[in-house]
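All remarks here apply to the structure that follows.
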Amino acid sequence: MHRFAHGLCYDLDAIIAGLSLPWNSGQAEGQNTRVKLVKRQGYGRANFDLLRKRILLRT
């Protein structure tokens, strides 16, 4: 817990900006989560071409 609190103090400006500014990165985070899910589903069974098609076609 102490290490976490020290990390917060280290970058206090970023924390204040993240809590007070009106925009967020939710859309980007959602896309990253979806890509990770697609990669996990095809692990060991697919190559890059299939991964690319699944991401572009949103299946």
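In the hydrophobic clustering of this structure, F4 groups with I15; members are Ile, Leu, Val, Met, Phe, Trp, Tyr whose side-chain heavy atoms approach within less than 4.5 Å, directly or through other members. In the hydrophobic clustering of ILVMFWY residues, with side-chain heavy atoms under 4.5 Å counting as a link, Y10 and L19 come out apart.
In the hydrophobic clustering, L12 connects to I16, either directly or through intervening members, whenever side-chain heavy atoms lie under 4.5 Å apart.
Residues satisfying the side-chain contact (heavy atoms from CB on, under 4.5 Å) criterion with E29, sequence neighbours excluded, are S25, N32.
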